[in-house]
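Following: one structure in structure tokens, then a few remarks.
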Amino acid sequence: MLIRWYLRQLNTRPLLTGACSTGFLMCTGDVIAQQVIEKRREKHDLVRTARMTGMGLFFVGPLLRTWFLTLDKVAGSQMVWSVALKKLILDQGCFAPCFLATFITVNNSLQGQTLNDTANLLRSSYGSIMLTNWGLWVPAQILNFSVIPLHHRLLFANCVALLWNTYLAHKANSQHK
């Protein structure tokens, strides 16, 4: 029943549905990061969770939906290995490096950090974050681009992103405890 409702919403309101599901999963990822990884328990940072939710709802969800549509226009919409490989190269070679730097910059800005703080965080953590990104997203996106229909790609990416969001929420906020 919930899946049927979600699919109906995805067909009638694709941008809003994608943004809301991304916001929800980024919220969930932050809660897991704070409660399971960081073991904050009663010291849960609700402002941080709200910030991550808002970033998913207003920034990440709409951006990724637009990106997936753009990839189909640029690289083709066929679900074959050669097209999937083109999309993977564009996604992980061009989009992901820019997106991660932007995500960290926006997150730090919303925390009230200075540009100097952000530059220091990028210098110290960007490489390891990018390597972790490729370890998770290269296999996930090759599967996403080769067998998942376009209208389900954001949902698939969001499911994988629950792990990623937990890691990214922890990593992006670990220097500001």
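Basis for what follows: all heavy atoms, side chains included, without hydrogens, waters or symmetry-related copies.
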Quiz item: How about Leu90 and Thr70: do any of their side-chain heavy atoms sit closer than 4.5 Å?
Solution: no
Quiz item: Which side chain to side chain donor-acceptor pair (under 3.5 Å) pairs, counting each pair once, include a residue from residues 136-150, with sequence neighbours left out?
Solution: Asp91-Gln141, Gln141-Asn144
Exercise. Can you measure from CG (Asp30) to NE2 (His44) and round to the nearest 0.5 angstrom?
Key: 5.5 Å
Quiz prompt | Donor-acceptor contact below 3.5 Å, side chain Ser109 vs main chain Thr105 | solution = no
Exercise. State, to 0.1 Å, how close Met26 and Met52 come at their nearest heavy-atom pair, and which atoms those are.
Key: CB-O, 3.6 Å
Self-check item: Shortest non-hydrogen contact from Leu25 toward Leu162
Solution: O-CD1, 3.8 Å
Quiz prompt | Hphob cluster co-occupancy, Met1 + Trp5, side-chain heavy atoms under 4.5 angstrom | solution = no
Exercise. Go through the side-chain N and O atoms of Gln113 and Asn107 and say whether any donor and acceptor fall under 3.5 Å apart.
Key: no
Quiz item: Can you get from Ile129 to Ile32 by hopping between Ile, Leu, Val, Met, Phe, Trp and Tyr side chains that sit under 4.5 Å apart?
Solution: no
Practice problem: Using only heavy-atom distances, determine whether the side chains of Asn11 and Arg8 contain a donor-acceptor pair under 3.5 Å. | Solution: no
Quiz item: Can you tell if the side chain of Leu154 reaches within under 4.5 Å of the side chain of Thr17, non-hydrogen atoms only?
Solution: no
Quiz item: Do other residues, nucleotides or ligands put more than 12 heavy atoms under 6.0 Å from the CZ atom of Arg4?
Solution: no
Exercise. Determine whether Ile89 and Leu64 fall in the same hydrophobic cluster, where Ile, Leu, Val, Met, Phe, Trp and Tyr are linked whenever their side-chain heavy atoms lie under 4.5 Å apart.
Key: yes
Self-check item: Co-membership, hydrophobic cluster, residues Leu131 and Leu121, 4.5 Å side-chain
Solution: yes
Quiz prompt | Main-chain N/O of Gly18 paired to Ser21 side chain as donor or acceptor, under 3.5 Å | solution = yes
Quiz prompt | No-hydrogen, no-angle side-chain donor-acceptor test under 3.5 Å, Asp117 and Thr114 | solution = yes
Quiz item: Which heavy atom in Leu122 sits nearest to a heavy atom in Ala101, and how many Å separate them?
Solution: CD2-CA, 4.1 Å
Practice problem: Answer yes if Tyr167 and Phe156 sit in the same cluster of Ile, Leu, Val, Met, Phe, Trp and Tyr residues linked by side chain heavy atoms under 4.5 Å apart, and no otherwise. | Solution: yes
Quiz item: Taking all atoms of both residues into account, what is the closest heavy-atom pair of Ala33 and Thr166, and its distance?
Solution: CB-O, 3.4 Å
Quiz item: Under the 3.5 angstrom rule, does the side chain of Tyr126 hit a backbone N or O of Pro97 as a donor-acceptor pair?
Solution: yes
Quiz item: Tell me, do Pro14 and His151 make a side-chain contact under 4.5 Å, heavy atoms counted?
Solution: no
Exercise. Taking side chain to side chain contact (heavy atoms under 4.5 Å, CB included) as the test, write out the residues that go with His152, two or more places apart.
Key: Leu7, Leu10, Ile148, Pro149
Quiz item: Looking at CD of Gln34 and NZ of Lys43, how far apart are the two atoms once the value is rounded to the nearest 0.5 Å?
Solution: 12.5 Å
List the atom pairs, with distances to 0.1 Å, where a side-chain N or O of residues 75-88 and a protein N or O form a donor-acceptor pair under 3.5 Å, not counting sequence neighbours.
from: Lys87; atom 1: NZ; to: Asp72; atom 2: OD1; distance (Å): 2.5
from: Lys87; atom 1: NZ; to: Gly76; atom 2: O; distance (Å): 3.0

Quiz item: What is the ring orientation for Phe99 with Phe95, classed by angle as parallel under 30°, tilted 30 to 60°, or perpendicular over 60°?
Solution: parallel
Self-check item: Distance, nearest 0.5 Å, that separates CD of Gln35 from CZ of Arg41
Solution: 6.0 Å
Self-check item: Nearest non-hydrogen partners of Phe68 and Leu150, listed with the distance
Solution: O-CD1, 3.8 Å
Quiz item: Rounded to the nearest 0.5 Å, how far does CG of Leu136 lie from CG of Leu163?
Solution: 6.5 Å
